[in-house]
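Just so it is clear, the structure is predicted and the values come from calculations on it, not from any experiment. Proteins come first, then strands; the chains are lettered A, B, ... in the order of their sequence lines, and each starts at number 1.
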Amino acid sequence: MIEISNLHKSYKMGANSLHVLKGINFKVAEGELLSIMGSSGSGKSTLLNILGMLDEADEGSYILDGVHIKNLSEKLAAKYRNKFLGFIFQSFNLIGYKNALDNVALPLYYQGMARGERMDRAMSYLEKVGLADWASHLPNELSGGQKQRVAIARALASDPKVLLADEPTGALDTKTSYEVMELIQEINDEGRTILVVTHEHDIAQMTKRIVNLKDGVIIEDTLISQNRAAQNV
Amino acid sequence: MFSRDRWSEIIEALTANWFRTVLTAFGVLWGIFILVILLAAGKGLENGVKQGFSGIATNTMFMWTQVASKPYKGMPKGRRFSYDMDDVTAIKDQVPGLRFVSPRNQLGGFGGANNVVRGLNTGAFNVYGDYPEIIQQEPMDITTGRFINYSDINDKRKVAVIGEGVKTTLYDSGEDPLGTYIKINGVNFMVIGTYKKKSQGGDIEEGQKQIFVPFTAFSQAFNRGDKVGWMAITARDGYSITELKENIIDIVKTRHTIHPEDDRAIGNFDLYQEFSKVNGLFIALKAVAYFVGVLVLLSGIIGISNIMLIVVKERTNEIGVRRALGATPWSIRGQILMESVFLTIISGMAGIILATAVIWLVNIQLSGMDTSEMMFLNPSVNLGVVMIALSILIISGLLAGLIPAQQAIRVKPVDALRTE
């Protein structure tokens, strides 16, 4: 599904340049639930941004579902993001003045889907994350866990190939974190590929494979036996 | 692009911060309000002043004789001369494009001695010997009876049309002047009509104190022979009296042996030129109104542009999210532009409506008064002006949104997402 080879990225900070990614190689197969770990500054968020086409690599190749991602125009990048990827953020990033349902429907809006169909689809995803009753609530009327569920529903709405989650539990307490991870595991069980960036070990243990990043290189890439979140709740 | 979703997006974004939206809108509202009010006030003033000209054939000149100031062909300078009926015929024949050539004779004058008597009442009035056409060149409302006609001219009837001012001086109130006789310089004339003149530059009092009698009867009664005191000449529509004037004056000069370069021998007053001056004044006034109005509007637009910049800054994160979810740069740009144009148009419409309401109130106030003596009448803006204002609004809304829209997509999605 994802194929990355020899990925380099550096940021210019005034006169200095900060080499963040120093040649990353890895593959992700369809249906994997993978966590990228590392301390802060290890380059995990940068890697995720490049995977999410929000940022571009300086060097190396990135193939997503057979498509070379290189030198995309903003318009094409927007189209690919919409079609291939779903984003889950640490700070949820819901749009404050839109209710839960409209937030979930947003990616479908950018696909150009008709309103009625869009709302039906969005509603079915809200049901899937168990928030159908909260459809008309604004984000600030929801708890942190609920917000993240809405965000997950939104990420799923466009039926993407890959879900990218950047510290999805970073702003949540342990119990809620596990609930969110349970949801992510369920989605993965349905066969969707999910990448989770985290620095929490317990969260990483709930995925099926851990990629450990340090100073811009992969130092460890192991398959593990998954901890089901449901047992911990 | 104009789907229901787009609109609800715009409404949502604008209503997210009511207070700010209203404050921003106020700038544009005020600008368009000023523009419309200024234009309407200018129009009102124009209507009021032009009311004075209403009905007057503005394409008219008046021509009288003065003293020859240059010797010519053996004739000395300082020579007096006067027009005669042959001049009138010559002008009519030789100058194309003239509508009326009215010869006039006159008795009395401003501040003159009493010249009209009726019973025990006397008065000093201007008495004119005129042709019937004069009523189209110097309009007056016939209040009773009739004006002079060609039968009066041909039969040299001693009849008179008197002004309302003459009537109040010579008659008791409630008395009917029609059919009665007045004595002008010792000659009896029968009153056949009364008139009331419209305001003309303020000398309304004087305007009502005139008496019109047939030209031919005047000449005979007061011994003028075929002499003509002065002429009122009106050009046809499509001709300018100012252009024909030279030609007319040249004809008269030749006929009376006046030096061709003697500019002082023939006096004239060109109403058309005066009218053009007044017209020019109003064009200038309109330009000032546009200038001021558009500048005030511009400051409103800059206000909108400013606020949109702040809005974009505030929504950097949201824009990042939208782009992560697949919004193209153009859809972001379009969103900001539409918000800006929508806000501009809505506030502009409110301004136009407010200004129209004010104009409406003013008109209601004015309609209760007699506006015929006022320099202000029926302030209004026509639909064309409103359309111009609206298109200025749309264009300026686009301009106001342009910089913020560009700002919105300049930030890379990843940077936008980092902004909290």
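A cation-pi arrangement, defined by a distance under 6.0 Å to the six-membered ring centre and an angle within 45 degrees of its axis, is absent between B/K277 and B/F275.
Both the backbone and the side chain of B/R322 come within contact range of chain A, with heavy atoms under 4.5 Å apart. A/D102 touches chain B through its side chain: at least one heavy atom from C-beta onward sits under 4.5 Å away, while N, CA, C and O do not. For A/F89, the part lying near chain B is the side chain, with the backbone staying farther off; criterion is any non-hydrogen pair under 4.5 Å.
Note on A/K83, A/K79, A/R81: by heavy-atom pairs under 4.5 Å with chain B, the leading option is A/R81. For the set A/R118, A/Q111, A/M53, the entry with the most heavy-atom pairs within less than 4.5 Å of chain B is A/R118.
With sequence neighbours left out, A/D159 forms a side chain to side chain donor-acceptor pair (under 3.5 Å) with A/R192.
Side-chain atoms of A/N6 and A/N25 include no donor-acceptor pair closer than 3.5 Å.
Heavy-atom contacts from other residues, nucleotides or ligands closer than 6.0 Å to CZ of B/F291 number 12 or fewer.
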**OP:** Please test B/K412 against A/E74 for salt bridge (Lys or Arg N to Asp or Glu O under 4.0 Å), starting from the C-alpha separation and ending with a verdict.
**Re:** CA-CA 10 Å; B/K412 291 173 89 177; A/E74 271 297 341; over 6 Å; no
